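Notes follow the structure.
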Amino acid sequence: MKALGSKFSFYAGFVVGTFALYLFLRQLWYERAATASSSNYDKIHDYQLHLEQDRKVWKKDRSALFNLEHPHHTGEDSRMADELYKKVRILCWVMTGPNNLEKKTRHVKATWSRHCNVVVFMSSVDDPDFPTVGLGTKEGRDQLYWKTIRAFHYVYEHHRHEADWFLKADDDTYVIVDNLRWVLSNHTPEEPIYFGRRFKPYTKQGYMSGGAGYVLSKEALKRYVEGFKSKTCTHTTSVEDLAMGQCMEKVGVLAGDSRDTALRETFHPFVPEQHLTSKFPKSFWYWSYCYYPISEGPNCCSDISVSFHYVDSSLMYLLEYYTYHLRAFGYKYRYNPPISSVYKGVLEAPPAPAMDQQDQVRDLAQDQKPVQEAEEAHVEGH
Amino acid sequence: MTSPKNLQSRTVHARETWAKRCDVTLYMSSTETAFPTVALNVSEGRENLYWKTIRAFQYIHDKHLDQADWFFKADDDTFVVVENLHLILSSFNPEEPYYLGRRFSPFVKQGYMSGGAGYVLSKEALRRFVKGFETGECTHFSSIEDMALGKCMETMKVPVVDTRDVLGRHTFHPFPLDKYVIRKPPGPQAWHMIYDHYPVIEGPDCCSDYAVSFHYIRPVQMYMLQYMTYHLRPFAYKYRF
């Protein structure tokens with residue numbers, strides 16, 4: 001009995017001792033991990049700071065995000081960009097769904113959509129936190145045009161006075177909004193016109209690729225909404241971009257030419273790598289769809305390209321760095337897009353008449369003028 | 001630094017994009033071709049990398065020393081923005097010994113420069129490197145070319161340089177951009193950043209606007225990077241510096 005008792009107390013003591021040692025060591029490991037991962041706490045702290053800064057930049061109002069200040073980076077003279085930002089106001093609405101918010105849409109929110117004047121995320125479900133607008137549809141490819149119709153109607157009803165141009169993009173489209181402002185600066189929002197990557201089949205004047213994004217003027221949006229009211233436009237097909245093109249044609253909205261003055265495309269239905277290096281097979285639909293002649297290789301894409309499609313979340317951040325940051329020091333760009341005279345400080349002039357090819361080539365040869373003026377302005381600001 | 005089997009698959013794309021922006025470009029290989037490549041008296045393979053480097057620098061010292069002030073080594077899968085390299089080098093005197101690149105801390109006390117990201121030797125540093133092998137102060141003690149060269153630089157008293165920009169962002173990158181600019185969830189430091197001497201910040205502050213190099217770039221990406229650097233830009237911004 002006594003032997004059993006002492007054996008028992010030995011084992012019990014052993015267990016208690018091990019447990020106590022474990023507790024002691026755990027505290028030690030925890031402390032060591034805490035100091036090693038103090039950078040983790042820093043990261044969380046940074047994230048909270050980031051959220052606070054976000055609140056200064058964005059105002060959330062009625063399920064839309066209003067940009068309070070035009071994004072700047074130190075070391076940039078963005079006076080012209082700021083002017084354009086005030087004069088060419090763009091509302092971006094992004095076609096998305098509840099399943100994509102975490103995977104895709106929040107990266108759109110973190111990158112290019114910051115450069116829009118107003119952003120609205122359109123979904124089938126209301127989400128006041130993100131925020132997304134619930135359009136009252138279901139999800140799925142067959143619902144795409146219903147979502148588009150309702151989205152444009154929503155934007156017309158709630159935001160038509162807050163912007164001049166209305167851009168539709170997908171949650172895998174990357175848009176360089178400052179370059180879109182260049183394309184639009186040569187037109188006024190009172191013109192019934194819309195821009196994008198122009199496709200030719202099925203319609204007389206062509207239609208704009210949905211994935212590459214397209215932008216309607218205020219007048220075009222008004223005619224779109226009225227077209228549905230008067231039953232001129234209806235839900236013709238679930239192929240959203242084609243249906244939009246058919247309606248635009250019916251209500252007399254012009255399909256604009258979004259190419260730059262060197263006739264290079266600005267809206268792109270694929271990622272930059274594919275446009276720059278892929279040799280699309282001749283049987284690929286792309287060849288027969290494009291309204292304007294296709295250039296493969298470096299001439300595919302304007303220096304001031306506006307959009308790319310099928311851009312995954314990582315590529316969003318890469319493109320943001322490549323566009324707004326990476327550059328060669330001291331490199332003078334060979335192509336300098338002319339600035340519309342409206343924004344050179346001259347009083348409002350009637351929109352320039354459409355130029356034929358000869359005039360455009362001549363205009364390109366005269367690009368010395370804007371460079372000199374740009375340099376003078378730069379010297380002033382310095 | 002290239003090899004016969006990479007000429008048509010990789011090196012030609014480097015030549016078509018960034019390599020022509022250098023004042024003198026030499027393609028170091030084991031055999032002479034009409035590419036044009038220089039034949040170093042070395043066979044191919046990872047274990048011969050440092051031999052190739054040594055022979056390449058000796059060749060340059062013999063034949064091309066007067067044609068340039070700075071001597072930059074890159075791989076055939078490195079993309080380089082040569083203008084930004086000019087920017088960094090413009091503040092240094094090539095007659096002084098300098099050794100620049102992406103500084104790694106282990107193995108060498110003053111650190112060594114990542115081979116893949118590319119590194120630069122000043123004219124004086126190149127002279128000292130070649131002299132080191134003549135006098136036997138530097139030897140082929142390892143085939144790990146960047147580390148071994150770093151050790152030789154330390155032996156020959158060539159100081160390292162901090163190549164980060166005024167905001168503390170890195171300019172030479174031993175990996176493609178997505179390894180740095182995409183933030184990872186909090187956790188132990190990523191394996192590819194363990195060697196870095198200076199702290200690496202993930203996210204948009206990782207990389208200078210005037211980045212000099214990216215490594216592990218696939219051939220098609222060379223054209224994409226060239227478009228991004230020299231063409232694509234946001235309209236109406238004038239950069240001050």
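As the structure is a computational prediction, the values presented were derived from the model and not from experiment. Chain letters run A, B, ... following the sequence lines, proteins first and then strands; every chain starts at 1.
Taking a 6.0 Å sphere around NZ of B:Lys179, one finds it holds 12 or fewer heavy atoms contributed by other residues, nucleotides or ligands. Around the NZ atom of B:Lys109, the shell of radius 6.0 Å holds no more than 12 heavy atoms that belong to other residues, nucleotides or ligands. At most 12 heavy atoms of other shown residues, nucleotides or ligands fall within 6.0 angstrom of atom OH in B:Tyr195.
Residues A:Leu276 and B:Tyr223 share a closest heavy-atom pair of CD1-O, 4.0 Å. Of all heavy-atom pairs between B:Thr229 and A:Ala328, the closest is CG2-N, 3.8 Å. Taking every heavy atom of both residues into account, A:Ala81 and B:Phe235 meet most closely at CB-O, 4.4 Å. Contact between B:Arg233 and A:Asp303 at its shortest, heavy atoms only, is NH1-OD2, 3.0 Å.
Of the two parts of A:Leu319, only the side chain, counted from C-beta on, holds a non-hydrogen atom closer than 4.5 Å to a non-hydrogen atom of chain B. Only the backbone of A:Ser302 comes within less than 4.5 Å of a heavy atom of chain B; no side-chain atom from C-beta onward does. Only the side chain of B:Phe214 comes within contact range of chain A, judged by heavy atoms closer than 4.5 Å.
Note: B:Cys207 leads B:Cys207, B:Pro204, B:Gly203, B:Pro176 in heavy-atom pairs under 4.5 Å with chain A. Heavy-atom pairs under 4.5 Å with chain A peak, among B:Leu177, B:Val82, B:Val81, at B:Leu177. Here A:Cys301 is the residue among A:Cys301, A:Gly330, A:Ser313 with the most heavy-atom pairs under 4.5 Å with chain B. Looking only at heavy-atom pairs under 4.5 Å with chain B, the residue among A:Gly297, A:Pro298, A:Ser305 that has the most is A:Ser305.
When side chains are defined from C-beta on, A:Tyr324 counts as touching B:Tyr237, because their heavy atoms get closer than 4.5 Å. When side chains are defined from C-beta on, B:Leu225 counts as touching A:Tyr322, because their heavy atoms get closer than 4.5 Å. Contact check for B:Tyr227 versus A:Cys300: no side-chain heavy atoms found under the 4.5 Å cut-off. In this structure, the side chains of A:Ile176 and B:Leu232 come closer than 4.5 Å at one or more pairs of heavy atoms.
One distance of note links CE of B:Met228 with NE2 of A:His325; it measures 14.0 Å at 0.5 Å rounding. Separating the CZ atom in B:Arg218 from the CD atom in A:Glu273 is a distance of 5.0 Å, to the nearest 0.5 Å. Taking OH of A:Tyr317 as the reference point, atom SG of B:Cys206 lies at 13.0 Å (rounded to 0.5 Å).
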